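Only one structure is covered here, and it is reproduced in the block below.
Note that this is a predicted model, so its numbers are computed, not measured. Chain A is the first sequence line, chain B the second, and so forth, proteins listed ahead of strands; every chain is numbered from 1.
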Amino acid sequence: MAYHPKSEFLRVMIDRGYLADCTDYQGLDEALIAGVVPAYIGYDATAKSLHVGHLMNIMVLRWFQKTGGKPITLMGGGTTKVGDPSFRSDERPLLDEAAIAANIDGMQQVFAKYLSYGEDGTDAIMLNNAEWLDGLNYLEFLRDIGRHFSVNRMLSFESVKSRLDREQSLSFLEFNYMSLQAYDFLELNRRYGCLLQMGGSDQWGNIVNGIDLTRRVLDHEIYGLTTPLLTTSDGRKMGKSQGGAVWLNGDMLSPYEFWQFWRNTTDADTGKFLKLFTELPLDECDRLGALEGSEINEAKIILAREVTTLLHGADAATAAEATAREVFEKGGTGDDLPTLTLDAAELGEGISIVQLIVRSGLAGSGKEAKRLIAEGGAKLNDAELTDAGLFMTPADLAEPIKLSAGKKRHALVRLG
RNA sequence: GGGGAGUUGGCAGAGCGGUCAAAUGCGGCGGACUGUAAAUCCGUUGGGGCAACCCACCUAGGUUCGAAUCCUAGACUCCCCA
């Protein structure tokens, strides 16, 4: 990076690896030094929880607040009704109001753990773009905003090019997404003096549009900054663990499973992840990331502990770590394993082992559970399960049982 | 409005009357090797059910001894022309 920033925020961004690109390093740097800058990141409400793919940007907001900025988390209550087509090959299903509201609710729980919200100075604020988008008048919007957009230019954006090149349809609805996001930035600048929009590098085009629009309409100079698309060292997009996305909401992925995700980080990514997802000093990250052989497992445990503590709290992180030690080092059972609790009524006469494996989340379907058993990957209290027809009666479940799928995934089943 | 193409398992994509629950690749899962890592190798991979068995190639009908494959209608998607 050629530019040597004076502001603490930009320095952190560069040093810890959060920075992919910036529209104007010097202008932004000077604005940051001059006073409290409001900056926003937008989140579409497409799922009821955020996932690790969002975590880097949340950490950026956290650092932003720590270094004297005012973070704005913008929920895409309005834009989610349109759907961002950037780098997507297909149109996503549209959600209704109720689903969007529920999703926003789930997402807000996570933000509250990383940022402190309030009214003053650098307190973060939570907004929803439905506030200004829902009431838009079409003709007014076209005349005031639409006239500043060049379709020629919009079509040249990389984010939609692949879609066009492959002759996949890009609906007019989706095509308008970028003008709406640009309008968001304009509104945030007008209402809150927001000077900076941040986002993943896939948002570059959308961000630049907002900057141009704001310059044209309000004659204000504002800035954009993007974070790199995070891939694992082998080039895959990060964020999947066994069985799906790594959700941040505890009710969708338990703290123990979250902890496990980080514990299983690839060697080569450990140092990088420590910088991006923990607040440990840089030299400590470098030292830990440079450990060789099995020693690096210690670094991964620290990574898991730090990241889990930020999200779920120190107690949850400690419990997850204790359970992991119990399960992996002693081959026992920990309290913090994902647990399926059955009540006597739903148990009735009993339940098949296949159903238990499915219900406990170790397999996605009955067939999958049977396959697991057939392949010798399923264990009941650490003994290999061979009989797929095994039927568990209430008496069999008097004591909690431990089910395992492979060596790494475990769950408890108990009567409640 | 007119003309054409298409809709197959999580995704991509073969199959075009029986040998098809359906090639192949990706993804997923399990195993081996290890360090709860990566890489590699091996296996496996539609769904429901304790089971017998049942449901499944867009939907609904039909033709056939027999249909993912043929016919009819409908839904949806894409392309081209206006």
Side-chain angles (χ1 to χ4, degrees), chain A residues 88-94 163-171 173-174 231-246 256-274 288-305 320-332 334 336-337 347-359 361-380 382 384-393 396 403-410:
Chain A
R88 292 184 60 93
S89 59
D90 50 355
E91 194 165 340
R92 53 177 109 189
L94 297 175
R163 185 85 160 261
L164 298 171
D165 288 347
R166 289 166 63 185
E167 300 197 327
Q168 282 163 327
S169 110
L170 175 69
S171 73
L173 174 75
E174 293 176 282
T231 53
T232 54
S233 59
D234 50 336
R236 280 198 285 265
K237 205 169 168 180
M238 123 171 232
K240 291 287 171 87
S241 76
Q242 64 277 1
V246 180
Y256 170 76
E257 290 167 289
F258 184 76
W259 190 94
Q260 279 296 324
F261 169 77
W262 296 100
R263 172 60 247 268
N264 283 311
T265 298
T266 305
D267 288 7
D269 290 327
T270 306
K272 181 166 80 175
F273 285 3
L274 281 164
L288 290 168
L291 292 175
E292 302 264 340
S294 59
E295 284 195 348
I296 201 165
N297 282 328
E298 272 315 301
K300 294 180 189 179
I301 289 170
I302 292 169
L303 172 67
R305 177 159 65 221
E321 190 171 335
T323 291
R325 283 198 199 286
E326 191 63 38
V327 171
F328 286 95
E329 290 173 23
K330 302 186 184 130
D336 211 32
L337 288 177
L347 188 56
E349 301 272 298
I351 184 168
S352 69
I353 195 71
V354 168
Q355 279 304 300
L356 281 182
I357 292 172
V358 174
R359 295 273 308 270
L362 295 177
S365 69
K367 288 281 188 234
E368 205 174 288
K370 280 182 202 161
R371 201 178 301 139
L372 196 61
I373 294 168
E375 289 173 337
K379 294 202 188 71
L380 169 60
D382 296 311
E384 188 174 321
L385 252 176
T386 48
D387 178 15
L390 188 62
F391 201 72
M392 304 296 283
T393 63
D396 294 326
L403 291 173
S404 311
K407 290 182 298 190
K408 298 208 294 203
R409 297 153 58 220
H410 309 276

Distance, rounded to the nearest Å, where [X] contributes [atom1] and [N] contributes [atom2]:
| X | N | atom1 | atom2 | value |
| --- | --- | --- | --- | --- |
| A:I357 | B:rG48 | CD1 | P | 13 Å |
| A:H410 | B:rG30 | NE2 | P | 11 Å |
| A:R371 | B:rC29 | CZ | P | 12 Å |
| A:L362 | B:rG28 | CG | C1' | 15 Å |

Between [N] and [M], how far apart are the two [atom1] atoms, rounded to whole Å?
| N | M | atom1 | result |
| --- | --- | --- | --- |
| B:rG13 | B:rC26 | C1' | 11 Å |
| B:rU40 | B:rG6 | P | 38 Å |
| B:rC16 | B:rA23 | C1' | 14 Å |
| B:rA14 | B:rU7 | P | 9 Å |
| B:rG1 | B:rU72 | P | 23 Å |
| B:rA82 | B:rC57 | P | 40 Å |
| B:rU19 | B:rU34 | C1' | 44 Å |
| B:rC33 | B:rG15 | C1' | 39 Å |

Can you tell me how far [atom2] of [Y] sits from [atom1] of [X], rounded to the nearest 0.5 angstrom?
| X | Y | atom1 | atom2 | value |
| --- | --- | --- | --- | --- |
| A:I296 | A:L303 | CD1 | CG | 10.0 Å |
| A:E326 | A:L337 | CD | CG | 9.5 Å |
| A:K379 | A:L362 | NZ | CG | 11.5 Å |
| A:F391 | A:I351 | CZ | CD1 | 8.0 Å |
| A:D336 | A:Q260 | CG | CD | 10.5 Å |

Under 3.5 Å on both distances, the Watson-Crick or G-U partner of [N]:
| N | value |
| --- | --- |
| B:rA22 | none |
| B:rU40 | B:rA32 |
| B:rG27 | B:rU45 |
| B:rG1 | B:rC81 |
| B:rC57 | none |
| B:rG9 | none |
| B:rA68 | none |

Listed once per pair and sorted, the salt bridge (Lys or Arg N to Asp or Glu O under 4.0 Å) pairs that draw on residues 290-300 of chain A, sequence neighbours left out | A:D267-A:K300
With sequence neighbours left out, which residue pairs that include part of residues 365-375 of chain A fulfil the salt bridge (Lys or Arg N to Asp or Glu O under 4.0 Å) condition?
-> none
Is there a donor-acceptor pair under 3.5 Å between the side chain of A:S352 and the backbone N or O of A:Q355?
->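 Indeed, once roles are kept as given, a pair shorter than 3.5 Å links the two residues.
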Find out whether [X] and [Y] are in side-chain contact, i.e. whether some heavy atom of one side chain is under 4.5 Å from a heavy atom of the other.
| X | Y | value |
| --- | --- | --- |
| A:I373 | A:L390 | no |
| A:L385 | A:L372 | no |
| A:T270 | A:W262 | no |
| A:K408 | A:F328 | yes |

Heteroatom pairs (N/O) under 3.5 angstrom, protein to nucleotides 49-51 of chain B:
{"unit_1": "B:rG49", "atom_1": "OP1", "unit_2": "A:Q355", "atom_2": "NE2", "d": "3.1"}
{"unit_1": "B:rG49", "atom_1": "OP2", "unit_2": "A:Q355", "atom_2": "NE2", "d": "3.1"}
{"unit_1": "B:rG49", "atom_1": "N7", "unit_2": "A:K370", "atom_2": "NZ", "d": "3.3"}
{"unit_1": "B:rG49", "atom_1": "O6", "unit_2": "A:K367", "atom_2": "NZ", "d": "3.0"}
{"unit_1": "B:rG49", "atom_1": "O6", "unit_2": "A:K370", "atom_2": "NZ", "d": "2.9"}
{"unit_1": "B:rA51", "atom_1": "OP1", "unit_2": "A:K370", "atom_2": "NZ", "d": "3.1"}
{"unit_1": "B:rA51", "atom_1": "OP2", "unit_2": "A:K370", "atom_2": "NZ", "d": "3.4"}

Any N/O pairs under 3.5 Å between the protein and nucleotides 8-10 of chain B? List them or say none.
none

Whether each nucleotide of nucleotides 31-37 of chain B has a protein heavy atom under 4.0 Å at its base (B), only at its sugar-phosphate (S) or at neither (-) is summarised, 5' to 3', as SS-BBBB
Residues passing the side chain to side chain donor-acceptor pair (under 3.5 Å) test with A:S404, sequence neighbours excluded, are A:H410
